[in-house]
Amino acid sequence: MPSSPVASRTCPANEDNAPARAFGSAMSRRHRYESESDVGPTVKSLALCSRDEAERAASLEELSRRVLACLGAGRPGSMQLSKPTLLHLLLLSRSCPLEEVRERATELLRTAQEQGVEVPRALSSGPSVFIPAKEMLKEVADQDVLTESFLSTGRVDHITMVMAMHPAYLSCFLRTQHALLEMDGPLPHDWRHYIAVMAAARHHCSYLVQQHSAGFLDAGGEESWLSGLQHAPTKLRSLQTLNKLLAHRPWLITQQHIQELVCPGAEPRWSLAELIHAVILMAHAHSLCSFGWGCGLNPEPDHIGGYTFQLPSPSHLPRSPHSPLAHEDGRQELGEGAMEVEVLMQKMVELQQQEEECTQEEMVTRFERERSESIPTTVVREAPPDLLLRLVEDPEFRYEDFAPKGEQSPPTMRAQDYSWEDHGFSLVNRLLPDMGQLLDEKFQVVSNLTYHRMAMHEGVDTHTLRKALWNYIHCLYGIRYDDYDYGSVNVLLERSLKVFVKTMACHPEQTTARVYHAFWRHFRHSEKVRTLSNAHLTRPPRPQSVDRLTF
């Protein structure tokens, strides 16, 4: 991150412990730092993420030279270490997968502290408040994917670290996200990040809002847009209705919603290519909110809420202001958890061997019973920061059960009437070339993602369990597969797992550590993360309304 001269050697940090108040001004300061003269070290300007080892080594020496020159400042006109420079060093020291860069950044921060500079420290010990950092490192077998992420983007964020438990999925996720945000396409690059900000704000996900706000400013976005929707262009604001429906009740989207944006006379008018790009961005961000909240992601070390300049004290515990409390724990004794694994495996075997065939009427009845089941998820949480609310239209609009008991429910969507294979793939590829192929790869990877193990057992066929999870999430959004027996969902998914999945898919901002730890008590964290990856792909945007307008 670029830096600028500051008035003193110590960085002011009186606002660091008020994230809600500081967020807007922090983004504003960041924009000013990048528009002023560059005197401090940055990853991009110093080529620390060069693939050439010699060039990278030279850049590392230049980084040290510049920092030490600032620390030796006693002469008139000398530059001081700025807050962005210190935060960038903190980021490198905490998450850079290249050992030589990580150790040098740590050494430079230590030297700065010895010279009397107030240096920041991270408020968390790892990327997740749910998953201990040591356990995560044990489950990330392939470090190459983290190195590739750093060499490509200059940083390894917490989403990448958690997804690295499943490198095959992470690789296709990063390719898709890069294409959505960086490659050629119908939308300007700053608009892409702003649309992601709008989408993330719907689920109060300050992690993604900060991440894409930084990307928005990096792409040359207008700083004032981040202070409220009223400052954004009318064309972007016109997405708000579609945004809230996609986020919370996609079954309410009709052809008219699309016509109001793309048909002649629409003001401002979106092209179909622009709109499909925006829809995929919104759906991507909405579902990534589920992944972030479901994993209990901590803020990045250089994000508001991720660092402090104050000394450790009981009032500065390493937990995120937007994450669930770390002490909420629903784990039980290992013996009981092991027994649950045995019971689940037996149920899977019985379902695989079951020869009874249900009538179509019985299949529909079982689906209706599943979708109308009462699974409470709401808990009391702090109100989101005002800045997030200023980026949301109609904040009271939330997910409601697709089929509340005693009420007229909207019509169920039969998956066979509009499938990704027969309709979605061709639509996306026609309007946004190559994106259909990238999304299809993600679907294929996650649907086939298995290591043939379950908790402490190896050589297990988990197909029936993975299919039950996939179909249960679709069921929550009113989508039914004619050839699937929804009785399997009740057999395989215990209530605590249903509570987690429904919370994560429908109310991700309500996810807590207690909800996370309450299910699959004896499973690996990587197995729970795989469930989250499943949900990241299955929150359905129901794009058939767009498709109808293109023929």
Next item on the list: Verify the ring-centre separation between His248 and His507: is it less than 6.0 angstrom?
Entry: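 Centroid separation for His507 and His248: 6.0 Å or greater.
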
Could you check whether any side-chain heavy atom of [X] comes within less than 4.5 Å of a side-chain heavy atom of [Y], counting everything from C-beta outward?
X      : Y      : result
Leu208 : His203 : no
Glu400 : Arg249 : yes
Leu281 : Tyr194 : no
Leu63  : Leu89  : yes
Met504 : Trp293 : no
Met165 : Arg524 : no
Lys83  : Tyr307 : yes
Cys506 : Tyr477 : yes

What's the separation between atom [atom1] in [X] and atom [atom2] in [Y], rounded to the nearest 0.5 Å?
X      : Y      : atom1 : atom2 : answer
Asp394 : Thr241 : CG    : OG1   : 8.5 Å
Ile280 : Met435 : CD1   : CE    : 6.0 Å
Leu261 : Arg269 : CG    : CZ    : 11.0 Å
Thr450 : His166 : OG1   : NE2   : 10.5 Å
Leu174 : Leu438 : CG    : CG    : 11.5 Å
Trp225 : Leu391 : CH2   : CG    : 12.5 Å

Is there a donor-acceptor contact under 3.5 Å linking the side chains of [X] and [Y]?
X      : Y      : answer
Arg430 : Ser426 : no
His286 : Asn243 : yes
Thr254 : His257 : yes

Spell out, as yes or no, whether a donor-acceptor pair under 3.5 Å connects the side chain of [X] to the backbone of [Y].
X      : Y      : answer
Asn298 : Gly126 : yes
Ser206 : Val209 : no
Arg414 : Asp482 : no
Glu300 : Asp157 : no
Ser419 : Asp422 : yes
Ser128 : Cys295 : yes
Asn429 : Gly436 : yes
Ser152 : Ser149 : no

Margin query: Ring-plane angle category for His158 and Tyr207, please: parallel below 30°, perpendicular beyond 60°, tilted otherwise.
Written below: parallel

Next item on the list: Take the angle between the ring planes of Tyr516 and Phe500 and call it parallel below 30°, perpendicular above 60°, tilted in between.
Entry: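 Perpendicular.
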
Shortest non-hydrogen contact from [X] toward [Y]:
X      : Y      : result
Ala273 : Pro186 : O-CG, 3.5 Å
Met183 : Ala179 : CG-CA, 3.4 Å
Pro508 : Cys289 : CB-O, 4.1 Å

Notebook entry, point to check: For Gln230, does the CD atom have more than 12 heavy-atom neighbours from other residues, nucleotides or ligands under 6.0 Å away?
Noted result: yes

Next item on the list: Inspect the surroundings of CG in Asp417 and state if more than 12 heavy atoms from other residues, nucleotides or ligands are less than 6.0 Å away.
Entry: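 Yes, because the 6.0 Å sphere around CG of Asp417 holds more than 12 heavy atoms from other groups.
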
Margin query: Can you pull out every side chain to side chain donor-acceptor pair (under 3.5 Å) where at least one residue sits in residues 174-188? Sequence neighbours excluded, please.
Written below: Arg175-Glu441, Gln177-His284

Checklist line | Sequence-distant partners of Tyr472, ring pair (Phe, Tyr, Trp, His ring centres under 6.0 Å), two or more places apart | finding: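 Tyr472: no ring pair (Phe, Tyr, Trp, His ring centres under 6.0 Å) contacts found.
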
Check: Can you name the ring pair (Phe, Tyr, Trp, His ring centres under 6.0 Å) partners of His193, sequence neighbours left out?
Finding: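 With neighbours one apart ignored, the set is His212.
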
Next item on the list: Using side chain to side chain contact (heavy atoms under 4.5 Å, CB included) as the criterion, point out the one residue from Thr160, Val445, Val162 that pairs with Leu170.
Entry: Thr160

Next item on the list: Begin from the C-alpha positions of Glu62 and Arg66 and carry the test salt bridge (Lys or Arg N to Asp or Glu O under 4.0 Å) through to its verdict.
Entry: CA-CA 6 Å; Glu62 178 65 11; Arg66 292 193 189 185; 3.0 Å; yes

Check: Ion pair present between Glu393 and Arg202, side-chain N to carboxylate O less than 4.0 angstrom?
Finding: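 Salt bridge: no.
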
Next item on the list: Evaluate side chain to side chain contact (heavy atoms under 4.5 Å, CB included) for Val428 paired with Asp440, printing each intermediate quantity in order.
Entry: CA-CA 10 Å; Val428 172; Asp440 190 64; over 6 Å; no

